[in-house]
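Working notes, structure below.
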2 protein chains.
Amino acid sequence: MTAKAASVELADVPAADTAISKAPRTERGKRTLRKLLDAAAAEFGERGYHEASISGITQRAGAALGTFYTYFDSKEQVFRALVDDMGRLTRQHIAERVTGTSDRLTAERLGLEAFIDFVRGHKDLYRIVMEAQFVAEDAYRNYYRVFAEAYRRNLVHASAKGEISPGHEEERAWALIGMSVFLGLRYAVWSDDRPAAEIAAAAAELITFGLSPQRGKGMS
Amino acid sequence: MTAKAASVELADVPAADTAISKAPRTERGKRTLRKLLDAAAAEFGERGYHEASISGITQRAGAALGTFYTYFDSKEQVFRALVDDMGRLTRQHIAERVTGTSDRLTAERLGLEAFIDFVRGHKDLYRIVMEAQFVAEDAYRNYYRVFAEAYRRNLVHASAKGEISPGHEEERAWALIGMSVFLGLRYAVWSDDRPAAEIAAAAAELITFGLSPQRGKGMS
DNA sequence: TCTGAAGTTGAATATTGACTCAGGTTTCGG
DNA sequence: CCGAAACCTGAGTCAATATTCAACTTCAGA
């Protein structure tokens, strides 16, 4: 289900990660690869990396066991491909909902709201990212390194423009990412009945009074 | 090593979780159980749950394979015992370093500093907690539920006393926990060369300006 | 229609590792 | 010093499943 939503983007990129010899050369091959990727996302998301089985993936995809190895070298390789993809998708989704926003404080709120929405719509893929910490740690670190670096840049920029108080931007970036991740875990993965905007607003209030150079309410 | 540091506390409690029939009845038994718990912490911490093997645990403990099953019902059971223990140890350690602090904002800084220090000293056990999300999800949720609940209470209390601005305390609690967790991951687990106090101060600044009812610098 | 490259198949292989158990050793109260 | 309870031992059982591979099918182009 969730996997389905991501399938379009997923199928566009994997050639970059997949060994050249494994790339599909025909329409049929492309279709099969996509089915396998979606199935893998669902299987990993539902059962976790170790409980997941290749036969589970191929069954979901309606393919034979051996077909998996036509497109992937190993179980871990698909997993990594999915993690990398999730990074791209997440950044893209948040960027879309934040671009055009003039000031950082508003961007913080909208970004968090977008993040929570995104996680809600991609629970299985999100679970894969989190589990990557134990399955493909380098992919996991990279995922957050890229996020933190971009975040830090935004903060430095906003600080220069006087939209936020100057401070330790790197630590701030990691702290803010941590906030998002846990709010996402608690209010998107574990329970998603509260409006995302509500959670985002509450957190934004916390963040804002921490970042605002003004002394008054700075919710933009 | 890290496991060693925790061994005293570890050995004191497990009887509560272990099936009654499995509790050691002699000095020798207690000693063996402790060795197994320490070994399990080291094995799980270093290799992760699935890579870890019972034989690895018993080898580290200098015991035979079968001995493991004298004290535990399964691989998962030891793991859960370690997660629960980590919760107790963490709360205790933070509480020790925070009690006596009069105001919440100072407590936030000291608490974060204590947390980072603690994680640095218990990397393997901390990794176990994080991996619990995928191995024993209920234990993981419980771990953070207890934290969040206590945190929320502290915030409500501080809010009533006027030490912090009133707000959405539950969301704040989760956000702040997320901060700590990620700062811990980044500056304790992944790299621990920066002074913990420095990280804590940077984060406290962020937190303080978000919580302080005063408009000025409120670092206590 | 023919051909071979691409794709598909699923039984077979090989490894791994949790857990059992029957038999030995240690401990300790009496 | 005895005997039973507690403890320890490690080879063996058993299930799971990642990966391989040789035979088979599809299909686009000549």
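Each chain gets a letter, A, B and so on, in the order the sequences are listed, and its residues count up from 1. All values below come from the heavy atoms of this structure, side chains included, with hydrogens, waters and symmetry mates left out.
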Report summary line: In whole angstroms, the gap separating P of D/dT19 from CD of A/Gln77 amounts to 10 Å

Query raised in the report: Do B/Glu170 and B/Trp174 have side chains that get closer than 4.5 Å, going by heavy atoms?
Result: yes

Query raised in the report: Which of these, A/Tyr144, A/Phe182, A/Phe147, sits in a ring-ring contact (aromatic ring centres under 6.0 Å, His included) with B/Phe182?
Result: A/Tyr144

Query raised in the report: Within the structure, does a side-chain N or O atom of A/Tyr71 lie under 4.0 Å from either OP1 or OP2 of C/dT8?
Result: yes

**Report entry** Atom pair distance, as rounded to whole Å: OH in A/Tyr69 and P in C/dG10
**Finding:** 16 Å

Query raised in the report: Which residues satisfy the side-chain contact (heavy atoms from CB on, under 4.5 Å) test with A/Thr99, sequence neighbours excluded?
Result: none

Report task. Side-chain contact test, heavy atoms from C-beta onward, threshold under 4.5 Å: evaluate it for B/Arg141 versus B/Arg145 and give yes or no. Result -> no

**Report entry** Separation of D/dT17 C1' from A/Phe72 CZ (nearest whole Å)
**Finding:** 18 Å

Query raised in the report: In whole Å, what is the span from the CD atom of B/Glu43 to the P atom of C/dG17?
Result: 10 Å

Query raised in the report: Can we say A/Glu27 and A/Arg31 salt-bridge, meaning some charged N sits less than 4.0 Å from an Asp/Glu carboxylate O?
Result: no

Query - Side chain proximity check, A/Leu125 to A/Val129, heavy atoms < 4.5 angstrom - result: no

Query raised in the report: Within the structure shown, what part of the strands sits under 4.0 Å from B/Thr26 by heavy-atom distance: base, sugar-phosphate, or nothing?
Result: sugar-phosphate

**Report entry** A/Lys22 charged N/C atom sitting above A/Phe72 aromatic ring, 6.0 Å / 45°
**Finding:** no

Query raised in the report: When the distance from CZ of B/Arg25 to C1' of D/dC8 is rounded to whole Å, what number comes out?
Result: 16 Å

Every protein N/O lying under 3.5 Å from an N/O of nucleotides 24-28 of chain D:
none

Query raised in the report: Stem ranges for DNA chain D, with three or more consecutive Watson-Crick or G-U pairs under 3.5 Å?
Result: C:1-30 with D:1-30

Query raised in the report: Just how far, in rounded Å, is C1' of D/dT17 from NE2 of B/His50?
Result: 14 Å

Query - Sequence-distant partners of B/Glu113, side chain to side chain donor-acceptor pair (under 3.5 Å), two or more places apart - result: none

Query raised in the report: Taking for each residue the nucleotide of DNA chain C with the nearest heavy atom, is it B/Glu76 or B/Glu27 whose nucleotide lies nearer the 5' end?
Result: B/Glu76

**Report entry** Non-hydrogen side-chain atoms of A/Arg109 and A/Arg104 separated by less than 4.5 Å
**Finding:** no

Query raised in the report: Which residues within residues 127-137 of chain B lie with some heavy atom under 4.0 Å of an atom in DNA chain D?
Result: none

**Report entry** Test salt bridge (charged side-chain N to carboxylate O under 4.0 Å, His left out) applied to B/Glu43 and B/Arg60, step by step
**Finding:** CA-CA 8 Å; B/Glu43 175 83 359; B/Arg60 282 173 198 259; 2.7 Å; yes

Report task. Please state whether the phosphate of D/dC7, meaning OP1 or OP2, lies under 4.0 angstrom from any side-chain nitrogen or oxygen of B/Thr70. Result -> no

Requested in this report: Evaluate the criterion side-chain hydrogen bond (donor to acceptor under 3.5 Å, both in side chains) for residue pair A/Glu108 and A/Tyr151; output intermediate values, then yes/no.
Outcome: CA-CA 10 Å; A/Glu108 287 299 328; A/Tyr151 215 137; 2.4 Å; yes

**Report entry** Contact check, side chains of B/Val135 and B/Arg80, non-hydrogen atoms, under 4.5 Å
**Finding:** no

Query raised in the report: Between D/dA5 atom P and B/Lys22 atom NZ, what is the distance in whole Å?
Result: 19 Å

Report summary line: Within residues 52-66 of chain B, those residues having any heavy atom closer than 4.0 Å to DNA chain C are B/Ala52, B/Ser53, B/Ile54, B/Leu65

**Report entry** Student check: side-chain heavy atoms of B/Phe118 and B/Leu89 closer than 4.5 Å
**Finding:** yes

**Report entry** Student check: side-chain heavy atoms of A/Tyr69 and A/Ile54 closer than 4.5 Å
**Finding:** yes

**Report entry** Nearest-Å distance for atom pair CD/C1', residues B/Glu51 and C/dA18
**Finding:** 15 Å

